[in-house]
Amino acid sequence: MAFSATSSNWVKPQFNMPSGKPNISCSLQTPSILRLPKQSPSYPPSTTATPTVKPPQDTQQWNFLQRAAALALDTMETALVTNERKHPLPKTTDPRVQITGNFAPVPEQSVRLRLPVTGKIPECIQGVYVRNGGNPLHEPVSGHHLFDGDGMVHAVRFDNGSASYACRFTETNRFVQERILGRPVFPKAIGELHGHSGIARLLLFYARGLCGLLDHSQGTGVANAGLVYFNGRLLAMSEDDLPYHVRITPSGDLKTVGRYDFDCQLNSSMIAHPKVDPVSGEFFALSYNTIQKPYLKYFRFSPDGKKSRDVEITVDQPTMVHDFAITEKFVVIPDQQMVFKLPEMVRGGSPVIHDKNKMTRFGILDKNASDASCIRWIEAPDCFSFHFWNAWEEPDTDEVVVLGSCMTPPDSIFNESGKSFKIVLSEIRLNLKTGKSTRRPIIAESEQVNLEAGMVNRNLLGRKTQYVYLALAEPWPKVSGFVKVDVSTGEARKYIYGEQRFGGEPLFLPRNPNSEKEDDGYILAFVHDEKAWKSELQIVNSMTLELEATVQLPSRVPYGFHGTFITSKDLEKQV
């Protein structure tokens, strides 16, 4: 297979995709062009070539036995990869699909000041917009899912009408070791841990640990999903590890401080979507375990960072809990159909499965509960939401209202399926008196579009909101614009980025915390022009949906995950 090198990337030719036309409408089904930066030695992706596992570069301190063990384990890995390449990968874990086009990674970018601006940046925008995403340092040698990439934070700093940009890897324990070794050695949770080869990879991984060739005791996460600013710290998170503290420098650059355990108070992983109550300043979070009980825990931190005791939430099996919701009084904890069944690997399958016999339910728990004895579970049939946008209480009807995007089939992100794919923005009502639930689509069926990734006005998180701003996830998994939805009327106003232009999660930034109108503010979104192969940050008036300003970025910004905005006043309190 031929490769053509450029100054910043190499380009693969188009690949023949499997015949047949599945019902799902997905841009990943088109022939792919994969662009990866020349960051590290790479492995030929051909399914016929014999792979060569490159020995680690930093071996000076290894003794004779460690060198012998490394050689033996590398030989085993070579044989494993050779065998894997005899079998085609599903699109959900094929790197030629998952990191193609603008999903492909980019190198780090140091601070670039005084970026070109078209229009005028509103005076109220003072601070830093940061967005997280998966950005693999090394070319995958085997399966790779979009969620497997190393975390990279992109930052645009605003200062009195001018803008700067930088992007940096979050230097996790995993990232630092793989950078030293010069290749991937930590198993990829979604892309590689399938079937017997997944078991073999785990055995190789732990064998390397036992031989002192790597250290997994300080976490294996990638910190590529969520970002939250709390108690003077920007935290980058993925739900398989502790968060990582990332500091924003005075110049607008990014520096990883390290893995953060809240001053030795947190000894378990934390999901990527904690919630900060805008009124009390408290921080709420969950942690799940895929191997041993308790499978699920809830905890909170006071505004000054003091942790509560863990509250063990009883669930029958390890369950994926990517997100949850809060109201003024309660936390709303989902127990849904995506579960972890590690024995499935022994039978040759994936450990992440859709349990069709399980009924989704929501647990309503008092925020200040010291145990789960008072939790109220309410079933919600045919409902799986990867993200929840808001929730609030309606005392007149004794209900808790939850806004979420219900996805069918639930495992479409993880497993290849021929079923039609749909995401429906829904209002889920949980009646505390009757113990029953109802669900209704917010947008009329005739105007139904896939809406995923977004937010409400975070000054009203946990309170009743009128508007939600969501990514128009079409053609899936690309984002062609965003939609401002009036929850009470179902009115959906679209903002489209333009022909061959795609973005990601829209961030709503209030003009003023004390604004009388909920939608008085701006939408910030990274947008990439796939024809010109350039990226920019757009600033859109959230009331009129008119473009206010465009910041031209000095390098490409891949499509990513979630972000937040840190005001200049909050930055002054940074630790």
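All values below were derived from every heavy atom in this structure, side-chain atoms included, with hydrogens, water molecules and symmetry-related copies excluded.
Ring planes of Phe386 and His322: parallel class, angle under 30° (limits at 30 and 60°).
Side chain of Ser480 to backbone of Phe502: no donor-acceptor contact under 3.5 angstrom is found. Between the side chain of Lys356 and the backbone N or O of Gln337, no donor-acceptor pair lies under 3.5 Å. In this structure, Asn224 contributes its side chain and Phe147 its backbone to a donor-acceptor pair below 3.5 Å. With hydrogens and angles disregarded, a donor-acceptor distance shorter than 3.5 Å links the side chain of Ser280 to the backbone of Glu282. A distance-only check finds a donor-acceptor pair linking the side chain of Asp148 to the backbone of Ile190 [under 3.5 Å]. Not one N or O on the side chain of Glu394 forms a donor-acceptor pair closer than 3.5 Å with the backbone of Lys464. A donor-acceptor distance shorter than 3.5 angstrom exists from the side chain of Glu474 to the backbone of Asn450, with no hydrogens or angles considered. Thr319 places no side-chain N or O within 3.5 Å of a backbone atom of Asp335 that could act as its donor or acceptor partner. Between the side chain of Asn132 and the main chain of Ala223, a donor-acceptor pair closer than 3.5 Å is present. In terms of modelled atom types and a separation under 3.5 Å, the side chain of Ser405 and the main chain of Leu451 share a donor-acceptor contact.
With contacts defined as side-chain heavy-atom distances shorter than 4.5 Å, the pair Asp277/Phe284 qualifies. Contact annotation: the side chain of Phe384 approaches that of Met338 to within less than 4.5 Å [non-hydrogen atoms, C-beta and beyond]. Between Glu491 and Val485, every side-chain heavy-atom pair lies at or beyond the 4.5 Å cut-off. Tyr206 has its side chain within reach of His216: a pair of non-hydrogen atoms, C-beta onward, lies under 4.5 Å apart. Proximity of Val557 to Tyr559: side-chain heavy atoms (C-beta onward) are nowhere separated by under 4.5 Å. The shortest side-chain heavy-atom distance between Pro510 and Tyr522 does not fall under the 4.5 Å cut-off. Side chains of Gln218 and Arg174 form no contact here, defined as non-hydrogen atoms less than 4.5 Å apart. At least one side-chain heavy atom of Glu518 sits under 4.5 Å from a side-chain heavy atom of Leu460.
Arg361 has no carboxylate O lying under 4.0 Å from a charged side-chain N of Glu379, or vice versa, which leaves the two without a salt bridge. Salt bridge status for Lys275 with Asp323: present, with a side-chain N to carboxylate O gap under 4.0 Å. With salt bridges taken as basic N to acidic carboxylate O contacts below 4.0 Å, none links Asp310 and Arg300. Taking 4.0 Å as the cut-off between side-chain N and carboxylate O, Glu312 and Lys297 do not count as a salt-bridged pair.
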Worked verdict on Ser269 versus Asp240 for side-chain hydrogen bond (donor to acceptor under 3.5 Å, both in side chains): CA-CA 6 Å; Ser269 64; Asp240 52 356; over 6 Å; no
Hey, mind stepping through Trp377 and Leu430 against side-chain contact (heavy atoms from CB on, under 4.5 Å) and telling me if it holds? CA-CA 9 Å; Trp377 289 105; Leu430 309 171; over 6 Å; no
Derivation and outcome, side-chain contact (heavy atoms from CB on, under 4.5 Å), residues Ser287 and Ile271: CA-CA 6 Å; Ser287 172; Ile271 68 170; 5.9 Å; no
How far apart are the C-alpha atoms of Leu234 and Leu227, what are their side-chain angles, what is the distance that settles it, and do they pass the side-chain contact (heavy atoms from CB on, under 4.5 Å) test? CA-CA 7 Å; Leu234 174 64; Leu227 289 172; 4.2 Å; yes
Begin from the C-alpha positions of Phe175 and Phe186 and carry the test ring pair (Phe, Tyr, Trp, His ring centres under 6.0 Å) through to its verdict. CA-CA 9 Å; Phe175 172 86; Phe186 284 67; over 10 Å; no
Walk me through whether Asp382 and Arg439 qualify under side-chain contact (heavy atoms from CB on, under 4.5 Å). CA-CA 9 Å; Asp382 302 319; Arg439 178 169 70 90; 4.1 Å; yes
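Surrounding CZ of Arg440 are more than 12 heavy atoms belonging to other residues, nucleotides or ligands, all under 6.0 Å away. In this structure, Asp398 places its CG atom where more than 12 heavy-atom neighbours from other residues, nucleotides or ligands lie under 6.0 Å away. The local environment of CG in Asp304 is crowded, with over 12 non-hydrogen atoms from other residues, nucleotides or ligands closer than 6.0 Å.
Each of Val487, Val483, Leu470 was scored for a side-chain contact (heavy atoms from CB on, under 4.5 Å) with Leu425, with one residue passing: Leu470.
Atoms CH2 and CD1, from Trp392 and Ile326 in turn, are 13.5 Å apart once rounded to the nearest 0.5 Å. Put simply, CZ on Phe330 and CG on Leu365 are 9.0 Å apart, with the number rounded to the nearest 0.5 Å. Interatomic distance, CD1 of Ile496 versus CG of Leu472, reported as 5.0 Å (0.5 Å rounding). The CE atom of Met270 sits 6.5 Å away from the CG atom of Leu266 when rounded to the nearest 0.5 Å. Atom CD1 of Ile333 and atom CD1 of Ile313 lie 4.0 Å apart (nearest 0.5 Å). Rounded to the nearest 0.5 angstrom, Ser197 OG and Leu204 CG are separated by 10.5 Å.
Tyr295 approaches Pro318 most closely through the heavy-atom pair CE2-CG, 3.5 Å. Across all their heavy atoms, Leu545 and Arg493 have their closest contact at CD1-CB, 3.6 Å. Shortest non-hydrogen contact noted between Glu393 and Glu328 is OE2-N, 3.2 Å. Closest approach of Phe262 to Pro243, counting heavy atoms only: CE1-CG, 4.0 Å. Residues Ala236 and Thr170 share a closest heavy-atom pair of CB-OG1, 4.1 Å. Shown here for Tyr288 and Glu239, the closest heavy-atom pair between the two residues is OH-OE2, 2.7 Å.
Taking the centre of each ring, Tyr260 and Tyr244 stay at or above the 6.0 Å mark. For Tyr495 and Phe482, the distance between ring centers is under 6.0 angstrom. Ring to ring, Tyr129 and His154 are not that close: their centroids are 6.0 angstrom or more apart.
A cation-pi arrangement is present between Lys307 and Phe299 under the rule of less than 6.0 angstrom and at most 45 degrees off the ring axis. Cation-pi geometry between Lys484 and Tyr467 is met: the NZ or CZ atom falls under 6.0 Å from the ring centre, inside 45° of the normal.
For the residue pair His144 and Lys188, a side-chain donor N or O sits within less than 3.5 Å of a side-chain acceptor on the partner. For the residue pair Gln317/Asp355, the side-chain donor-acceptor check at 3.5 Å is satisfied.
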